[in-house]
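Structure, as structure tokens:
Remember, it's 1-based here, ligands and their atoms both numbered in the order they're listed.
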Amino acid sequence: MERIIINGGIPLRGEVSICGAKNSVVGLLPAALLAEEGVCVIENIPGISDVSMMFSILESLGAKVRNINANTVEIDSTNITANVVPYEMSKSLRASYYFLGALLGRFQNAHVAMPGGCDFGTRPIDQHIKSFEALGATIVTDDEMVVHATADKLIGSTVYMDVVSVGATINAMLTAVKAKGLTVIENAAREPHIVDIANFLNAMGANIRGAGTDTIKINGVDKLHGCSYSVVPDQIEAGTYMAAVVATGGKALIKNVTPKHLESIMAKLIECGATIEEYDDSLLISREKPLVRCNVKTMPHPGFPTDMQPQFTALLSVASGVSVVTESVWDNRYRYVEQLINMGAQISVDGSIATVTGVEKLRGTRVGATDLRAGAALIIAGLCAEGTTTIEKIEYIERGYENIVEKFSALGADIKRVSIPDNE
Ligand code: EPU
């Protein structure tokens, strides 16, 4: 079993370079299946386990995946014929649902099991299904929870999202790029990765306008082709390092970021006592003042991202005063709180609200990641804590953070990954 061991109490100092965005690349890779001519060369791909699984799924469908270097890949989808994602593969990550939209767009026929992924309450895909149906597909879910999507012809339509959904917005785009005529997605999600995937599809020959606003218009085209593209920087990876620097009272240059995408995170960190200098594609962040409380409410972009909620709660657990955190995207994203309480945090959860009373010090102990961002929160807590923190279930963390131990070490943290026999 792999574990992360941290000896806390060291302010982080130095610089860290941010990778391409996980939640963008897990949509871009299935989108590459839509290229019927030429190859897609995608740069700035993060080295994370969710991406490795995506490559395996692409290969199982007949695409040729060639690593050009550590962060650049070439995908040749010209000769694929398969439209069934192997059951165990689709169950292993949430984003496998993007193969439904991409394969439906390419073949008018797709078969993908209901996705797995991190568990924070019910994660329905009704808005995805509603979008496919609006574009002319028939959807049947069988007893094994495999979704079968078929269409004689895809026809552009108006899709109104009842909830703002990142996944459903991307899936609707993936299918609509090949539907005849105009599709209008109303109440669309506006995250940077929506814009990134729309830009990628446009580079492949699609005609998408309005990505980044709540109305996206797509004129279908007959064929898409390969292109060269670089993935947008990961706002959540950046936010995680920024929160860690502020929590430990350090100073660091966060490189390869898009500052505009970090506005809500920066605003909250400044409220807590951080100082930030913005440059074109980097940020210098530090905290010399005392760490103070603030209230945080998660919302779809441009609101404060739910994927930063656990890391922020970890930071607030050592900020003076009482902070109120409201989770308004997921119905059960506080499972990690128990772990922070084991480290001495004072947090009470009532439904979607966590009340955090800052303590002077957390103390290191043995804890376990309950999901990806929960794992990142435990690292931040461990970096602030007195003594040694041992984090188990780190496979969750490796789904979405490239070289996290190496990056924190380079910032001066006393952190290591160790392999321990399962019975210890
Ligand atoms: N929802 C529905 N019906 C749907 C789809 C979503 O009711 O058909 C609800 C969800 O239950 C949730 C809300 O809408 O309450 C938002 O869900 P969304 O569809 O936006 O989430 P997602 O696409 O499944 C992506 C990220 C998550 C991130 C959310 C919100 C990926 C693979 N996952 O999930 O990322 O929390 O958007 O920004 O892109 C993470 O990176 O740690 C992570 C969990």
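Under a cut-off of 6.0 angstrom, the local environment of CG in Asn69 is crowded, with over 12 non-hydrogen atoms contributed by other residues, nucleotides or ligands.
For Pro124, heavy-atom contacts with ligand 1 shorter than 4.0 Å involve the backbone as well as the side chain.
Within ligand 1, the atoms closer than 4.0 Å to a non-hydrogen atom of Arg94 are 24 (O), numbered from 1 in the order shown. Ligand-side atoms of ligand 1 in range of Gln127: 3 (N), 4 (C), 8 (O), range being under 4.0 angstrom from any heavy atom. The atoms of ligand 1 that sit less than 4.0 Å from any heavy atom of Lys22 are 40 (C), 41 (O). Taking a cut-off of under 4.0 Å to the non-hydrogen atoms of Gly167, the atoms of ligand 1 that pass are 19 (O), 23 (O). Listed by atom number, the atoms of ligand 1 under 4.0 Å from Leu372 heavy atoms are 42 (O). Remark: ligand 1 atoms within the under-4.0 Å shell around heavy atoms of Val329 are 12 (C), 13 (C), 15 (O), 16 (C). Close contacts between ligand 1 and Ile125 involve ligand atoms 4 (C), 8 (O) [criterion: under 4.0 Å to a heavy atom].
Between the Thr355 side chain and the Val324 main chain, no donor and acceptor come within less than 3.5 Å of each other. Under a 3.5 Å cut-off, the side chain of Gln311 and the backbone N or O of Asp307 do form a donor-acceptor pair. Formation of a donor-acceptor pair under 3.5 Å by the Glu327 side chain with backbone atoms of Val329 is found in this model. Between the side chain of Glu402 and the backbone N or O of Gly47 there is at least one donor-acceptor pair closer than 3.5 Å.
Of the candidates Val166, Thr169, Asp50, it is Val166 that places a heavy atom closest to atom 20 (O) of ligand 1. Nearest-residue assignment for atom 23 (O) of ligand 1 (options Tyr396, Tyr98, Trp330, Tyr97; heavy-atom criterion): Tyr97.
Contact check on Glu186 versus Lys217 returns no salt bridge, with no Lys/Arg side-chain nitrogen under 4.0 Å from an Asp/Glu carboxylate oxygen.
By the 30° and 60° cut-offs, the orientation of the rings of Phe408 relative to Tyr241 is tilted. Aromatic ring orientation, Phe312 versus Phe304: perpendicular (interplanar angle above 60°, classes split at 30° and 60°).
Residue contacts with ligand 1: Arg333 is placed with a nitrogen or oxygen under 3.5 Å of a nitrogen or oxygen of the ligand (distance criterion only). Below 3.5 Å of separation, one finds an N or O of Asp126 facing an N or O of ligand 1.
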